[in-house]
Colleague: 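This is the structure, below, for whatever I ask next.
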Amino acid sequence: MPSLLALGVLTFIIYYITNYYLALSRNIAKAKRSGIHYVVLPVYFLNRFWLIFHRLFLPVLARLPRKWTTWVDFCIPDFPFLNSVETFEKIGHDTFLTVAPGGIILNTIDPAVITQITTRRNDFPKPTKIYRSLDVYGKNVVSTEGAHWRQHRKATSPPFTEKNNHLVFSETIDQASDMLTSWLGPDGKGNVTVDRVMDDTMRLSLYVISRAGFGRKLQWPAADSKADVDTSYADPSKIQNAKDERDPGHSMSYTYAIHCLLDNIIVLFVLPPWLMERLPIAALRKAREAYVEWGNYMKEAVASKKKLLGAENTNNESMDILGQLVKGQLQSETSKDVHLTDSEILGNMFVLILAGHETAANSIHFSLLYLALNHKSQRAVQQDLDRIFQGKPPSEWDYDRDLPALFGGMVGAVLNEELRLLPPVIGIPKSTFGVSDQRLNIDGKDCIVPSDIYISLCAVAVHRHPKYWPSGKPTLPGGRPIHPVANTDNDLEEFRPERWLVDEDGEVQTLANGKKEMPGETVTSDGLAVNESADTSDKLYRPPKGAYIPFSEGYRACLGRRFAQVEVLAALAVILQNYSVELAVDEWASDEEVISMDEDARADVWQKAAAHARDLMLNGLSVIISLQMRGGHVAVRFVPRGSERFPDDADDIWKRNHPDLVVGAVKTPDYVFWNKQTRANVGAVGVA
Ligand code: HEM
Ligand SMILES: *[C@@H]1O[C@H](CO)[C@@H](O)[C@H](O)[C@H]1NC(C)=O
Ligand SMILES: *[C@@H]1O[C@H](CO)[C@@H](O)[C@H](O)[C@H]1NC(C)=O
Ligand SMILES: *[C@@H]1O[C@H](CO)[C@@H](O)[C@H](O)[C@H]1NC(C)=O
Ligand SMILES: *[C@@H]1O[C@H](CO)[C@@H](O)[C@H](O)[C@H]1NC(C)=O
């Protein structure tokens with residue numbers, strides 16, 4: 001018997017190894033034929049097993065001789081984020097294939113290649129199978145391709161109008177004012193520490209999309225009531241509290257349901273509903289209940305819209321997204337057009353919330369943190385706000401007059417720069433799944449992209465490509481690079497919104513190829529709301545086409561781009577008009593201690609908080625739905641302008657007092673190869 005078992009195991013191993021080599025050599029042959037540079041790897045990083053367990057293997061692999069493990073660099077799922085352009089520089093190609101037994105992946109940071117791929121929608125479809133988890137309520141505009149996608153896109157794009165953006169603007173101003181008030185503390189002096197900026201910006205963007213998308217105005221909670229946000233859903237007292245404001249016939253309030261739903265979204269993607277109901281875990285059952293409840297709220301909303309529209313039958317332009325979706329459905333019922341089913345309407349409303357919620361919230365959150373780290377840029381933003389609004393209260397701000405000014409000035413530059421460094425989708429997924437081999441021009445050479453491969457447009461790395469971006473010398477104290485291996489001789493890894501500002505003659509600072517790009521064309525193709533006009537105001541630097549893709553590009557570009565831009569600009573304007581965002585130093589000094597400090601001592605304590613914040617901005621970010629800070633919090637304060645506690649040139653003062661210390665990347669886990677290998681480059685970190 002044992003020998004039979006051994007034989008069985010041996011046969012399996014031989015079978016497995018044979019298959020492994022056959023698959024690998026098949027893929028290598030394909031890669032050779034393509035004419036594209038390639039590297040051969042032992043694992044396909046989209047392999048489910050590897051995706052889940054690679055973090056366990058990394059510390060072990062890190063102990064092996066480096067020359068055995070160079071492949072690992074390409075198999076860490078976020079490698080273009082961790083390594084930035086360094087991987088591509090080391091390889092010497094801006095486009096290359098990784099070839100493994102499980103599959104081939106094309107990685108690119110070449111704007112010309114990116115543009116070919118985003119404009120050839122039928123040749124390079126989205127890999128819809130990786131989006132299937134978005135279908136929890138129904139098919140939708142994000143998760144479909146081909147004819148289905150056209151139908152969804154036609155149905156979802158009408159509400160994304162300038163008219164609706166006016167609503168986004170005014171609603172953001174209202175909600176952001178309440179948010180700011182909640183941050184200032186009872187006496188409005190701003191001497192309270194805020195460590196929930198991320199949660200609150202998430203709430204802000206949820207409220208804005210609820211209003212501008214679904215006609216549902218939500219009220220910012222008073223400082224003492226937190227019932228509907230706290231994530232401890234299993235706590236019965238909080239659920240009780242949430243139930244108090246529930247609508248008749250519901251077991252949860254709308255706000256509670258949506259928060260609970262979004263907080264548990266990953267669980268909902270992964271576990272089947274029947275299992276969630278049966279597992280004896282209260283939080284899971286709550287999540288399931290939230291899923292059902294939010295669906296019920298939406299179904300009711302759809303039904304009442306239908307009744308309203310059926311009765312009215314007018315062409316009401318000032319309609320929210322839900323109204324437009326239902327109207328589209330009603331109209332096409334009477335014509336021959338295919339129409340969205342009720343579940344597809346729900347599916348679209350859900351992904352609009354999902355797509356529009358975390359992304360915009362992160363942009364506000366990260367912009368504030370970057371500004372807290374860069375006092376001089378923050379002062380420039382505030383001076384620009386003074387110029388634009390002349391001290392006028394938000395009630396007198398005007399979308400048509402003021403938004404272009406915000407967009408074309410420092411606030412727009414801050415948003416652009418934040419999205420350059422931290423685009424929420426760090427690698428835009430494309431593919432050749434289900435299509436034949438595709439020709440692709442790479443560096444003037446005709447290449448063949450094999451069919452059935454995954455493609456990653458590495459947004460985060462092309463955004464830092466020295467060939468396409470104006471740059472200067474590293475500006476951190478001591479002249480050390482902020483990133484241990486990438487762009488060590490320039491400032492492209494740093495937040496420097498000023499790089500977007502074009503001087504009087506319309507010239508930006510030095511660009512390696514010496515060119516200045518012209519504004520892109522606007523094409524609107526058959527009602528699909530594909531707007532090819534560049535992402536940035538024409539007052540700011542225009543990167544070459546394909547070099548700046550935070551919202552993706554081409555047909556499958558973000559539908560909510562303008563929506564998001566309006567929201568982020570308005571929120572930053574409200575917050576920064578009269579207040580400054582500062583790093584909180586509670587961990588290192590009490591308020592009384594700070595009051596008694598001289599400027600040098602303040603610069604020292606500030607530098608400690610800054611080192612912590614810079615570390616989190618580099619090593620504390622990771623992706624679940626979008627790129628978010630999951631490794632900790634950066635606590636901040638919002639203080640009246642003029643009462644800032646730390647000097648504008650805290651970095652310079654600190655440097656003057658500590659000529660032998662440097663600031664750079666701080667703690668990084670050992671298993672991250674790029675850092676271990678180059679620890680020397682990071683050097684002794686300044687803040688002891
Ligand atoms: C800073 C904020 C935002 C960023 C950076 C962003 C970025 C993106 C990106 C990169 C894509 C392409 C994703 C892919 O190819 O898989 C996308 C698609 C999409 N986004 Fe956004 N987004 C933002 C905000 C919003 C908002 C506020 C909404 C809606 C209210 C929205 C709605 C959508 C939709 C519907 C799609 C799918 C479009 C299609 O496939 O036809 N986004 N977004
Ligand atoms: C904030 O500062 C004011 C005076 O500037 C002081 O009276 C108040 O107690 C402070 N509040 C906190 C929470 O420290
Ligand atoms: C249009 O719709 C909005 C919101 O649904 C409503 O307040 C308004 O009265 C409608 N206008 C007309 C002319 O029907
Ligand atoms: C900022 O202060 C000005 C002048 O006091 C006031 O009119 C305006 O409403 C304030 N802005 C905000 C966003 O509260
Ligand atoms: C395209 O986008 C730009 C900037 O976001 C906007 O000004 C323009 O009106 C849009 N064009 C169309 C046809 O929607």
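Just so it is clear, the model here is predicted, and its values are computed rather than measured. Indexing begins at 1, ligand by ligand and atom by atom, following the structure's order.
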Colleague: Would you say the side-chain atoms of N140 pair up with the backbone N or O of S143, donor to acceptor, closer than 3.5 Å?
Modeller: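 Such a contact is found between N140 side chain and S143 backbone.
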
Colleague: State whether the side chain of E145 and the backbone N or O of K126 hold a donor-acceptor pair below 3.5 Å, judged by distance alone.
Modeller: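 At least one qualifying donor-acceptor pair exists.
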
Colleague: Is it true that Q438 and T432 share a donor-acceptor pair across their side chains at a distance under 3.5 Å?
Modeller: no

Colleague: Would you say R387's side chain and Q383's backbone share a donor-acceptor pair under 3.5 angstrom?
Modeller: no

Colleague: What's the spacing between L262 CG and H357 NE2 if we round to 0.5 Å?
Modeller: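 So the CG of L262 and the NE2 of H357 are separated by 4.5 Å.
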
Colleague: Show the atoms of ligand 1 that are less than 4.0 angstrom away from any heavy atom in L352.
Modeller: 35 (C)

Colleague: Can you tell me the protein heavy atom closest to atom 14 (O) of ligand 4 and the distance?
Modeller: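 The closest one turns out to be N578 ND2, 3.8 Å.
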
Colleague: Mind checking whether P394 has an N or O less than 3.5 Å away from an N or O of ligand 4?
Modeller: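 Such a contact does not occur with ligand 4.
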
Colleague: Below the 3.5 angstrom mark, is there an N/O of Y555, backbone or side chain, next to an N/O of ligand 1?
Modeller: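 Looking only at distances, the answer is no, because the N/O contact criterion of under 3.5 Å is not met.
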
Colleague: Out of V574, I388, L406, which one pairs with W397 under the side chain to side chain contact (heavy atoms under 4.5 Å, CB included) rule?
Modeller: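 Of the listed options, the one satisfying the test is V574.
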
Colleague: Among protein heavy atoms, which lies nearest atom 12 (C) of ligand 1, and at what distance?
Modeller: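 Checked against all protein heavy atoms, atom 12 (C) of ligand 1 sits closest to S552 CB, 3.8 Å.
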
Colleague: Check whether any side-chain N or O of E582 sits under 3.5 Å from a backbone N or O of R645 as a donor-acceptor pair, and report yes or no.
Modeller: yes

Colleague: Applying a heavy-atom cut-off of 4.0 Å, say which part of V425 lies close to ligand 1: side chain, backbone, both or neither.
Modeller: side chain

Colleague: Keeping the roles fixed (side chain from N348, backbone from V141), state whether a donor-acceptor pair exists under 3.5 Å.
Modeller: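 Confirmed, N348 side chain pairs with V141 backbone.
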
Colleague: Under 6.0 Å between ring centres, would you say that holds for W469 and Y548?
Modeller: yes

Colleague: Judging by distance only, is a nitrogen or oxygen of K392 under 3.5 angstrom from one on ligand 4?
Modeller: no

Colleague: Mark up the atoms of ligand 4 that fall under 4.0 Å of a heavy atom belonging to V574, in ascending order.
Modeller: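 Those qualifying, in numeric order: 13 (C).
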
Colleague: Just to confirm my output: which protein heavy-atom neighbour is closest to atom 37 (C) of ligand 1, and how far is it?
Modeller: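 Result for atom 37 (C) of ligand 1: V142 CG2, 3.7 Å.
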
Colleague: May I ask you to identify the nearest protein heavy atom to atom 11 (N) of ligand 4, giving residue, atom name and distance to one decimal place in Å?
Modeller: Q577 OE1, 2.6 Å

Colleague: What residue and heavy atom of the protein are closest to atom 26 (C) of ligand 1, and at what distance?
Modeller: G356 CA, 3.3 Å

Colleague: Under 4.0 Å from atom 5 (O) of ligand 4, is there at least one protein heavy atom?
Modeller: no

Colleague: Which ligand 1 atoms, with their elements, are less than 4.0 angstrom from a heavy-atom of A557?
Modeller: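 Reading through ligand 1 atom by atom, the close ones are 38 (C).
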
Colleague: Answer yes if the ring centres of Y579 and F638 are under 6.0 angstrom apart, and no otherwise.
Modeller: no

Colleague: Just which atoms of ligand 1 are under 4.0 Å from any heavy atom in S363?
Modeller: 1 (C)

Colleague: Looking only at protein heavy atoms, which one is nearest to atom 10 (C) of ligand 1, and how far off is it?
Modeller: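 Atom 10 (C) of ligand 1 sits closest to the protein heavy atom P550 O, 3.2 Å.
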
Colleague: Does the separation of the ring centres of F366 and F495 fall below 6.0 angstrom?
Modeller: no

Colleague: Taking only heavy atoms of A564, which atoms of ligand 1 are found under 4.0 Å from at least one of them?
Modeller: 1 (C), 2 (C), 24 (C), 27 (C)

Colleague: By number and element, which atoms of ligand 1 are closer than 4.0 Å to a non-hydrogen atom of I209?
Modeller: 30 (C)

Colleague: Just to confirm my output: which protein heavy-atom neighbour is closest to atom 5 (C) of ligand 1, and how far is it?
Modeller: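 In this structure, atom 5 (C) of ligand 1 has P424 CG, 3.3 Å as its nearest protein heavy atom.
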
Colleague: Do Q175 and S205 have side chains that approach each other closer than 4.5 Å (heavy atoms only, starting at C-beta)?
Modeller: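 Q175 does not reach S205 side chain to side chain.
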
Colleague: Considering heavy atoms of the protein only, find what lies nearest to atom 24 (C) of ligand 1 and give residue, atom and distance to 0.1 Å.
Modeller: T359 OG1, 3.3 Å

Colleague: Below 4.0 angstrom from a heavy atom of I428, which ligand 1 atoms are there? Numbered from 1 as shown, please.
Modeller: 15 (O)

Colleague: Below 4.0 Å, non-hydrogen atoms only: which portion of F551 touches ligand 1? Side chain, backbone, both or neither.
Modeller: both

Colleague: Starting from atom 16 (O) of ligand 1, find the nearest protein heavy-atom neighbour and note its residue, name and distance.
Modeller: Y131 OH, 2.3 Å

Colleague: Do any nitrogen or oxygen atoms of R153 come within less than 3.5 Å of a nitrogen or oxygen of ligand 1?
Modeller: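 For ligand 1, there is an N or O atom that lies under 3.5 Å from one belonging to R153.
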
Colleague: State the atoms of ligand 1, each with its element, that fall below the 4.0 Å cut-off from a heavy-atom position in W149.
Modeller: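 Contacts of ligand 1 toward W149, numbered from 1: 39 (C), 40 (O), 41 (O).
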
Colleague: With a heavy-atom distance limit of 4.0 Å, tell me whether K126 approaches ligand 1 through its side chain, its backbone, both, or neither.
Modeller: side chain

Colleague: Could you tell me whether some N/O pair between K430 and ligand 1 is separated by less than 3.5 angstrom?
Modeller: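 No, there is no polar N/O contact under 3.5 Å.
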
Colleague: Identify the closest protein heavy atom to atom 21 (Fe) of ligand 1: which residue and atom is it, and at what distance?
Modeller: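 Looking at atom 21 (Fe) of ligand 1, the protein heavy atom closest to it is C558 SG, 2.2 Å.
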
Colleague: Hey, is E417 close enough to R499 for a salt bridge, meaning N to O under 4.0 Å?
Modeller: yes

Colleague: Who's the nearest protein heavy-atom neighbour of atom 7 (O) of ligand 4, and how far?
Modeller: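 Going by distance alone, atom 7 (O) of ligand 4 is nearest to G391 O, 3.2 Å.
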
Colleague: Just by distance, with hydrogens left out, do E418 and S363 show a side-chain donor and acceptor under 3.5 Å apart?
Modeller: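 Yes, because at least one side-chain N or O of E418 sits under 3.5 Å from a partner of the opposite role on S363.
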
Colleague: Which atoms of ligand 1 sit under 4.0 Å from any heavy atom of F160?
Modeller: 29 (C), 30 (C)

Colleague: For the ring pair H465 and Y468, is the centre-to-centre distance below 6.0 Å?
Modeller: yes

Colleague: Side chains of Q565 and F551, heavy atoms from C-beta outward: is any pair under 4.5 Å?
Modeller: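 Yes, their side chains come closer than 4.5 Å.
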
